[in-house]
K.L.:
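Let me begin by handing over the structure; questions about it come next.
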Amino acid sequence: MMEMKSGATTIKVRCLNNGVVHEIPRGTSLLQIADIFNVKLSYPILGALVNNCIEELSYEVYQPKKISFIDITHPDGMRMYLRSLSFILYKAVHDLFPHASLRINHNISKGYFCIINHMENELSDADILKIKARMLEIIKADIPFNNFVEETEVVIKKFEACGLTDKINILRHRGENYAKYYEIDGCIDSFYGYLVPSTGYIKVFDLNRYYNGLLLQLPKKNDPDRVDDLIMQEKMFEILKEFSQWNQILDVTNVGELNKFISEGKSELLIKVSEALHEKKISQIADMINARKGEVKVVLISGPSSSGKTTFGKRLAIQLLVNGIKPLNLSLDNYFVSRDKTPLDENGQYDFEALESIDIELFNNNLTELLQGKRIKLPKFSFESGARFYNGESMQMEPENILIIEGIHGLNPQLTSAIESQAKFRIYVSALTTLNIDDHNRISTSDNRLIRRIVRDFRYRKYSALETISRWPSVVKGEEKHIFPFQEEADIMFNSAQIYELAVIKQYAEHILMEVQPNNIEYSEAKRLLKFFSYFKSMESRGIPPTSILREFVGGSSFLY
């Protein structure tokens, strides 16, 4: 325990974890403050929110602060853990294969898919075991993650000498005088966020072969003493692989290369090619449905929040019409059970995302009758009264019709249990981001969708960024429970992400995020996203067609929503 000092050399600090206030010496580090306040969390302390700004434990406090220490169960704690583990992986690969290069790619199968390029021989199972063993040695040595701040040009030269050229364009784009980098045992790297104090903080991980690369596995969110079970996601992997290869063909695999593309005046070309790829994919899906004409009667579209499912469904309907198929939309929103039958979540709130909130029996009865050619009375649901009603609207299917049903439970077999499997065509839609910041810093698909939702909520629903950010953890929790487990049930997956979209959406999102005030707990997340946007050059939206999925979020769509 540190000896307390008094007078002008001390400051008052409040620890929000236990409500205790202490006078502490100016310049005391967060690591020392955690000891002074005797903070005990469920898992080791990894960092802290200081006046709602995330900081690493080496951060020194010189002014009065409110401090909340975090562990791996906090989203920022998990990010710190992932960055630190990624550096350890890079260090191990660098030690064993000095001429190879590591790229940390997609979040898949409850882990992170990584590729090692420029190996002298094909990556073997023995190589993977060696890499894991070296990582364990680095962790056991408990090496500090030292951070340095030097003139940007000096850091650029160091990165060039180490072959980390993928980081240089971003450093030059940001135009800052100084740049930060990390070092462990002579190996340097940069991360766009903080790390834990030392390698010894990394207790739980695994490394396994995954197709032609590696799967880096992290601790489970709800049980950090264990890693998640490795599950193969073949369909997800194939679509991510396809779009990654397409990025390579365009030579736009990271943000630095995207910025270069924009600087060279090639934005319009990038937009046209990206949108043409989407149109081609949607056309191919319509052709797949048409190939099963007469058999497929129901198209089910599912995917997480802000994936662009609505615009995808409208564009698919047009392509189906081209094939002589007339789509009818059946909305799940009209099949909610009455409020007194709506299930409650663990907090006693109505759980509208639970499958049990849908009247499955009525829905399946209506589906069966429609497929038999019968006319049904369409139910309506009043969200104000929490009750079902009928207004005389009806529906009947003709031979050339097909039903399109969009909703989070679309891929759950229980939703359409009365319908034979061959009569259904299931589509999973998500914004699967294949662009990296650089080789060791990936862009989260969840972040991509959150940014879309912040812009859409502000533009169309008059929600502030603070409101959207505060709701997001609950949204993700629902997705993990109701959507992600059924991804591989899909007949086809559609990637709604556009390689250029974050450069466009930047101009819409930044001013919304800036409205989040420092005294809000959501400030840390808003600040993180603003820093993220600082890596991108802005791109104008005028070349984006009115049918683009991105128009669902930034406006200017020719579709009615």
Side-chain angles (χ1 to χ4, degrees), residues 11-22 24 29-31 33-34 36-37 39-83 192-196 221-222 224 305-306 345-349 444 446-458 461-480 509-534:
I11 53 172
K12 187 178 290 186
V13 167
R14 179 186 298 275
C15 178
L16 300 180
N17 301 92
N18 53 24
V20 175
V21 178
H22 274 313
I24 65 167
S29 72
L30 289 175
L31 189 62
I33 292 171
I36 292 169
F37 282 87
V39 177
K40 304 294 182 185
L41 302 181
S42 300
Y43 298 93
I45 296 170
L46 301 183
L49 290 167
V50 180
N51 287 358
N52 293 320
C53 292
I54 188 69
E55 301 288 355
E56 53 195 348
L57 292 179
S58 61
Y59 176 82
E60 296 174 347
V61 176
Y62 289 91
Q63 299 293 332
K65 303 287 185 183
K66 293 180 180 179
I67 299 174
S68 178
F69 290 95
I70 63 171
D71 59 20
I72 195 170
T73 61
H74 189 280
D76 280 309
M78 181 61 83
R79 291 186 190 104
M80 296 174 82
Y81 195 98
L82 170 59
R83 294 184 200 108
Y192 306 106
Y194 295 124
L195 274 59
V196 302
K221 286 183 179 180
N222 58 353
S305 173
S306 303
D345 63 19
E346 63 272 18
N347 299 316
Q349 302 296 316
S444 164
S446 180
D447 279 352
N448 197 154
R449 293 188 293 106
L450 171 57
I451 290 164
R452 283 180 171 187
R453 181 158 173 155
I454 286 170
V455 172
R456 185 187 64 190
D457 281 0
F458 180 83
R461 302 172 185 176
K462 307 306 178 186
Y463 292 158
S464 67
L466 185 150
E467 292 173 298
T468 302
I469 290 170
S470 67
R471 291 189 182 100
W472 190 246
S474 175
V475 171
V476 171
K477 186 176 180 182
E479 294 169 348
E480 291 173 344
E510 284 183 321
H511 73 93
I512 306 171
L513 290 165
M514 287 177 184
E515 293 180 5
V516 182
Q517 299 299 308
N519 61 342
N520 299 125
I521 59 173
E522 292 81 9
Y523 180 71
S524 175
E525 186 72 345
K527 185 178 178 182
R528 180 180 73 85
L529 294 174
L530 282 168
K531 182 181 178 184
F532 169 71
F533 276 123
S534 73

K.L.:
The test is side-chain contact (heavy atoms from CB on, under 4.5 Å); show your working for Ile54 and Arg528 and say whether it passes.
P.N.:
CA-CA 9 Å; Ile54 188 69; Arg528 180 180 73 85; over 6 Å; no

K.L.:
Looking at CG of Leu529 and OG of Ser534, how far apart are the two atoms once the value is rounded to the nearest 0.5 Å?
P.N.:
11.0 Å

K.L.:
Where the side chain of Asn347 meets the backbone of Gln349, is there a donor-acceptor pair that is under 3.5 Å apart?
P.N.:
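Not confirmed, Asn347 side chain does not pair with Gln349 backbone.
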
K.L.:
Within the 4.5 Å heavy-atom criterion, are Glu56 and Leu30 side-chain neighbours or not?
P.N.:
no

K.L.:
Would you sort out whether Ile469 and Ile454 count as a side-chain contact (heavy atoms from CB on, under 4.5 Å), showing the intermediate values?
P.N.:
CA-CA 8 Å; Ile469 290 170; Ile454 286 170; 4.0 Å; yes

K.L.:
Would you say Asn18's side chain and Phe37's backbone share a donor-acceptor pair under 3.5 angstrom?
P.N.:
yes

K.L.:
With the side chain counted from C-beta on, respond yes when Phe532 and Asp447 share a heavy-atom pair under 4.5 Å apart, and no when they do not.
P.N.:
no

K.L.:
Who are the side-chain hydrogen bond (donor to acceptor under 3.5 Å, both in side chains) partners of Glu522, not counting sequence neighbours?
P.N.:
none

K.L.:
Can you name the closest pair of heavy atoms from Gly47 and Leu57 and give their distance?
P.N.:
CA-CD2, 3.8 Å

K.L.:
Check whether more than 12 heavy atoms from other residues, nucleotides or ligands sit under 6.0 Å from atom CD1 of Ile521, and answer yes or no.
P.N.:
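No, the 6.0 Å shell around CD1 holds no more than 12 heavy atoms from other groups.
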
K.L.:
Indicate the atoms forming the closest heavy-atom contact of Ile67 with Ala48, along with that distance.
P.N.:
CG2-CB, 3.9 Å

K.L.:
One pair to check against side-chain hydrogen bond (donor to acceptor under 3.5 Å, both in side chains): Tyr194 and Glu55. What are the steps and the verdict?
P.N.:
CA-CA 7 Å; Tyr194 295 124; Glu55 301 288 355; 3.2 Å; yes

K.L.:
For the backbone of Pro518 and the side chain of Asn52, can you confirm whether one donor and one acceptor N or O come within less than 3.5 Å of each other?
P.N.:
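Looks like yes, one N/O pair under 3.5 Å.
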
K.L.:
If you look at every heavy atom in Gln517 and Met514, which pair is closest and at what distance?
P.N.:
NE2-O, 4.5 Å

K.L.:
Is it true that a side-chain atom of Asp345 and a backbone atom of Gly348 form a donor plus acceptor pair closer than 3.5 Å?
P.N.:
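Yes, because the side chain of Asp345 sits within donor-acceptor range (under 3.5 Å) of the backbone of Gly348.
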
K.L.:
Below 4.5 Å, heavy atoms only, C-beta onward: do Glu510 and Leu513 meet side chain to side chain?
P.N.:
no

K.L.:
State whether the side chain of His22 and the backbone N or O of Ile24 hold a donor-acceptor pair below 3.5 Å, judged by distance alone.
P.N.:
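Here the side-chain-to-backbone pair does not exist.
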
K.L.:
More than 12 heavy atoms of other residues, nucleotides or ligands under 6.0 Å from CZ of Arg14: yes or no?
P.N.:
no

K.L.:
I need the minimum non-hydrogen distance between Val455 and Ile512, along with the two atoms involved.
P.N.:
CA-CD1, 4.1 Å

K.L.:
Is a salt bridge present between Glu480 and Lys477, judged by a nitrogen-to-oxygen distance below 4.0 Å?
P.N.:
no

K.L.:
Please find the pair of heavy atoms, one from Ile70 and one from Gly77, that lie closest to each other, and give the distance.
P.N.:
CD1-N, 3.5 Å

K.L.:
Take atom NZ of Lys66 as the centre, draw a 6.0 Å sphere, and report whether it contains more than 12 heavy atoms from other residues, nucleotides or ligands.
P.N.:
no

K.L.:
Not counting sequence neighbours, list each pair that qualifies as a side chain to side chain donor-acceptor pair (under 3.5 Å) and has a residue in residues 464-476.
P.N.:
Ser446-Trp472, Asp457-Thr468, Ser464-Glu467

K.L.:
Assess the pair Phe458 and His511: is the distance between their ring centroids shorter than 6.0 Å?
P.N.:
yes

K.L.:
Would you confirm whether Asn51, through its side chain, and Lys65, through its main-chain N or O, come within 3.5 Å as a donor-acceptor pair?
P.N.:
no

K.L.:
Please tell me if the side chains of Phe69 and Ile33 come closer than 4.5 Å, counting only heavy atoms from C-beta onward.
P.N.:
yes

K.L.:
Under the criterion salt bridge (charged side-chain N to carboxylate O under 4.0 Å, His left out), I'd like the reasoning laid out for Lys531 against Glu525: C-alpha separation, chi angles, the key distance, then a yes or no.
P.N.:
CA-CA 10 Å; Lys531 182 181 178 184; Glu525 186 72 345; over 6 Å; no

K.L.:
Flag yes if more than 12 heavy atoms outside Tyr463 fall under 6.0 Å of its OH atom; otherwise flag no.
P.N.:
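Counting neighbours around OH of Tyr463, 12 or fewer heavy atoms of other residues, nucleotides or ligands fall under 6.0 Å, so no.
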
K.L.:
Residues in side-chain hydrogen bond (donor to acceptor under 3.5 Å, both in side chains) with Ser305, at least two apart?
P.N.:
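side-chain hydrogen bond (donor to acceptor under 3.5 Å, both in side chains) check on Ser305 returns Arg453.
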
K.L.:
Dump the intermediate steps for side-chain contact (heavy atoms from CB on, under 4.5 Å) on Ser42 and Thr73, then the final yes or no.
P.N.:
CA-CA 9 Å; Ser42 300; Thr73 61; 5.6 Å; no

K.L.:
Quick check: do Val39 and Ile45 have side-chain heavy atoms less than 4.5 Å from each other?
P.N.:
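In contact.
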
K.L.:
Go through the steps for Leu31 and Ser58 under the test side-chain contact (heavy atoms from CB on, under 4.5 Å), then give the verdict.
P.N.:
CA-CA 6 Å; Leu31 189 62; Ser58 61; over 6 Å; no

K.L.:
For Val61, is there any backbone N or O sitting under 3.5 Å from a side-chain donor or acceptor partner on Gln63?
P.N.:
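No: the side chain of Gln63 does not pair with the backbone of Val61.
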
